[in-house]
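Chain naming here is simple, since letters A, B, ... match the order of the sequence lines and numbering starts at 1 in each.
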Amino acid sequence: MLDPKLLRTEPEAVARNLARRGFALDIAFFRTLEERRKACQIEADRLRAARNSHSKAVGAARARGEDIAPLMAHGEALAADVARVDAELAVVQDELDQWQLGLPNLLDAGVPDGRDESANVEVRRSGEPRQFDFEPRDHVAIGASLDGLDFDAASRLSGARFAVLRGHVARLHRALAQFMLDLHTREHGYTEVYVPYLVSRATLTGTGQLPKFEQDLFAVPHDPELFLIPTAEVPVTNLVRDRIVAPEQLPLRYVAHTPCFRSEAGAHGKDTRGLIRQHQFDKVELVQIVRPADSGAALEALTGHAEAVLAALQLPYRVVALCAGDIGFGSAKTYDLEVWLPGQGRYREISSCSNCEAFQARRMQARWRNPATGKPEPVHTLNGSGVAVGRALVAVLENYQRADGSVTVPEVLRPYMGGIGQLGRS
RNA sequence: GGAGAGAUGGCCGAGUGGUCGAAGGCGCACCCCUGCUAAGGGUGUAGGGACCAAAAGUUCCUCGAGGGUUCGAAUCCCUCUCUCUCCGCCA
């Protein structure tokens with residue numbers, strides 16, 4: 001959510017910022033609604049004050065033993081007025097709330113202009129794509145020949161966009177997640193958390209997936225209503241929902257390994273082959289809750305933590321700053337990490353690191369007590385994949401493949417693989 | 001799944017229709033007193049919103065959530081959620 005005060009006082013500046021995303025802010029609509037809200041609220045407050053003082057007068061009169069019957073009629077009239085204006089206010093307020101929940105976050109000034117991913121800006125590059133002395137295969141072919149990736153089996157179980165992993169490949173998948181968790185907890189100061197995979201509507205509203213992106217989620221028919229998490233960002237960031245954090249506790253750094261579930265409605269026909277785009281995938285997620293002044297630096301650090309995974313795996317990658325039109329709904333600034341995939345001959349997203357500033361914090365009522373003001377103020381939240389496990393598996397299979405169809409196990413993963421140095425049929 | 005008990009401010013805990021946003025205690029902060037790592041005294045101590053350029057001030061809302069009754073609800077009624085105890089079942 002945007003700062004309502006800013007929206008009220010500088011709607012033109014807000015509109016200019018959001019226009020960079022291609023989002024048209026309807027200032028006139030907001031002004032009209034806001035004026036109605038203000039009028040209703042002032043009137044409602046005034047009437048309630050009148051009712052309260054009248055009720056006290058009734059109580060006082062009764063305490064004196066006076067006849068209160070004559071006061072009742074006025075009280076009833078006041079009660080009716082309060083009910084009427086309250087109802088009116090509730091309607092306007094709700095409309096305003098819904099509208100505001102649909103506004104994306106303001107962009108950081110450093111975000112490059114552009115309408116879509118073609119305008120994203122490469123920030124840096126690490127490692128060189130390997131030169132193959134044979135025609136590199138993609139992970140689907142490699143996985144099949146290792147008898148480790150089975151999309152047919154998955155489709156019999158669940159339909160399209162699922163996978164069954166087997167043997168060494170399944171173990172490599174697990175090894176990747178374990179390695180990442182250990183790296184972030186040991187080297188980067190994150191606390192491991194285990195969180196629910198099913199969350200409420202309120203939780204998803206807190207991080208911004210709802211109300212706007214319900215079609216991307218899997219809802220579970222259950223009372224109360226629950227959704228499968230599309231990313232651990234949702235439960236982990238919401239750990240601070242409705243909380244006021246003491247300043248000395250910040251920054252909070254959490255890492256979680258969870259499955260993620262996305263219906264990806266509207267993605268039909270995109271990346272239909274292989275593990276790249278699935279309804280279910282694992283991810284190791286980094287979340288930081290920081291003081292507002294620190295979030296810029298925290299994004300750089302968090303991105304570095306995600307990069308460290310790829311560096312340790314010796315996978316070639318590049319860091320890309322997302323442009324205004326490609327950046328996510330709740331993010332002020334985002335870096336994507338793209339890993340080199342020999343099977344596709346291009347870099348593909350494997351991590352997305354975002355600074356959401358106070359956007360989620362305002363929705364979640366997540367605050368810290370600012371020593372400078374003594375008041376509770378929204379914290380800043382950041383999240384990033386550190387990294388997507390399924391795509392990391394793809395990257396390892398493709399980058400470490402050998403001419404004979406086997407796959408070398410990256411050095412850092414061997415302790416997690418029982419010491420084996422290569423994947424064969426298992 | 002069955003039975004029961006609960007949900008009040010940072011914590012504990014009082015409060016069954018009126019001046020209660022809420023006694024008392026603890027904790028915390030500041031001050032006073034005290035010649036000493038004690039004791040005592042005082043003051044303060046929730047969050048959100050509105051009006052206002054802002055401060056001050058005024059005012060509204062919040063006692064798990066949502067409805068209802070009433071001139072007036074922490075208090076009465078209904079629904080829901082969560083927690084705890086016991087039984088059953090289960091990993």
Nearest-angstrom distance, P atom, C52(B) to C63(B): 28 Å
Side chains of E377(A) and N370(A): do they bring a donor and an acceptor to under 3.5 Å? yes
In whole Å, what separates the P atom of U43(B) from that of C26(B)? 14 Å
Quick one: look up who G18(B) pairs with, Watson-Crick or G-U, both distances under 3.5 Å, and put none if it's unpaired. C71(B)
Roughly, in whole Å, what's the span from CG in L226(A) to C1' in U81(B)? 12 Å
Between G47(B) atom C1' and R243(A) atom CZ, what is the distance in whole Å? 14 Å
Mate of A53(B) where both pairing distances stay under 3.5 Å, Watson-Crick or G-U: none
G42(B) and A55(B): how far apart are their C1' atoms, nearest whole angstrom? 28 Å
Between C71(B) (P) and L71(A) (CG): distance, integer Å: 12 Å
Rounded to whole Å, please give me the gap between CH2 in W368(A) and C1' in G47(B). 18 Å
Between U81(B) and C71(B), how far is it from one C1' atom to the other, in whole Å? 32 Å
I need the full list of ring-ring contact (aromatic ring centres under 6.0 Å, His included) pairs touching residues 205-244 of chain A, with sequence neighbours left out, sorted by first then second residue. F213(A)-F329(A), F218(A)-H279(A)
Side-chain donor-acceptor pair present, Q360(A), T207(A), cut-off under 3.5 Å: no
Judged by modelled atom types alone, do S295(A) and N355(A) share a side-chain donor-acceptor pair under 3.5 Å? yes
Test T303(A) against every option in T334(A), L337(A), D336(A) by the side chain to side chain contact (heavy atoms under 4.5 Å, CB included) rule and name the one that passes. L337(A)
Strictly under 3.5 Å: I want the nitrogen or oxygen pairs between protein and nucleotides 74-80 of chain B, one per line.
none

Nearest-Å distance once atom C1' is located in both G88(B) and U69(B): 40 Å
I'd like to know if E214(A) and R201(A) make a salt bridge, using a cut-off of under 4.0 Å between side-chain N and carboxylate O. yes
Does a salt bridge link D81(A) with R51(A), judged by any charged N lying under 4.0 Å from a carboxylate O? no
Using the C1' atoms only, state how far A73(B) lies from G17(B), rounded to an integer number of Å. 7 Å
Pair E34(A) + R37(A), salt bridge at N-O below 4.0 Å: yes
Pairs: protein N or O with nucleotides 61-64 of chain B N or O, under 3.5 Å:
unit_1	atom_1	unit_2	atom_2	d
C61(B)	OP1	R51(A)	NH2	3.3
C61(B)	OP2	N52(A)	ND2	3.4

Select from I244(A) and A50(A) the residue whose nearest nucleotide in RNA chain B is closer to the 5' end of that strand. I244(A)
Less than 4.5 Å apart, any side-chain heavy atom of D113(A) and any of R20(A)? yes
With rounding to whole Å, what would you report as the distance between G9(B) and A14(B) at their P atoms? 13 Å
Taking the six-membered ring for Trp and the full ring for Phe, Tyr or His, determine whether the centres of Y190(A) and H305(A) are under 6.0 Å apart. yes
Ignoring hydrogens and geometry beyond distance, is a side-chain donor-acceptor pair present between R137(A) and S145(A) at under 3.5 Å? yes
Do the side chains of H168(A) and I420(A) get nearer than 4.5 Å, heavy atoms only? yes
5'-most contact on RNA chain B (nearest-nucleotide basis), G75(A) vs R369(A), goes to R369(A)
Distance between the C1' atoms of G15(B) and A74(B), in whole angstroms? 8 Å
Heavy-atom side-chain contact between T231(A) and T258(A) under 4.5 Å: no
Determine which nucleotide pairs with C82(B), using a 3.5 Å limit on both distances of a Watson-Crick or G-U wobble pair. G6(B)
Nucleotide N/O of nucleotides 48-50 of chain B paired with protein N/O under 3.5 Å:
unit_1	atom_1	unit_2	atom_2	d
G48(B)	OP1	R367(A)	NH1	3.0
G49(B)	O2'	Q41(A)	NE2	3.0
G49(B)	N2	D45(A)	OD2	2.7
A50(B)	OP1	R8(A)	NH1	2.9
A50(B)	OP1	R8(A)	NH2	2.9
A50(B)	O4'	Q41(A)	NE2	3.0

H257(A): partners by side chain to side chain donor-acceptor pair (under 3.5 Å), with sequence neighbours left out: D282(A)
Can you tell me the pairing partner of C28(B) across any strand shown, Watson-Crick or G-U wobble, with both distances under 3.5 angstrom? G44(B)
Return the value, rounded to whole Å, for the distance between atom CD of E76(A) and atom C1' of U69(B). 13 Å
In the structure I gave you, are the side-chain heavy atoms of Q100(A) and L2(A) within less than 4.5 Å of one another anywhere? no
I'd like a list of close polar pairs between nucleotides 18-22 of chain B and the protein, N/O only, cut-off under 3.5 Å.
unit_1	atom_1	unit_2	atom_2	d
G18(B)	N7	R62(A)	NH2	3.0
G18(B)	N2	S55(A)	O	2.7

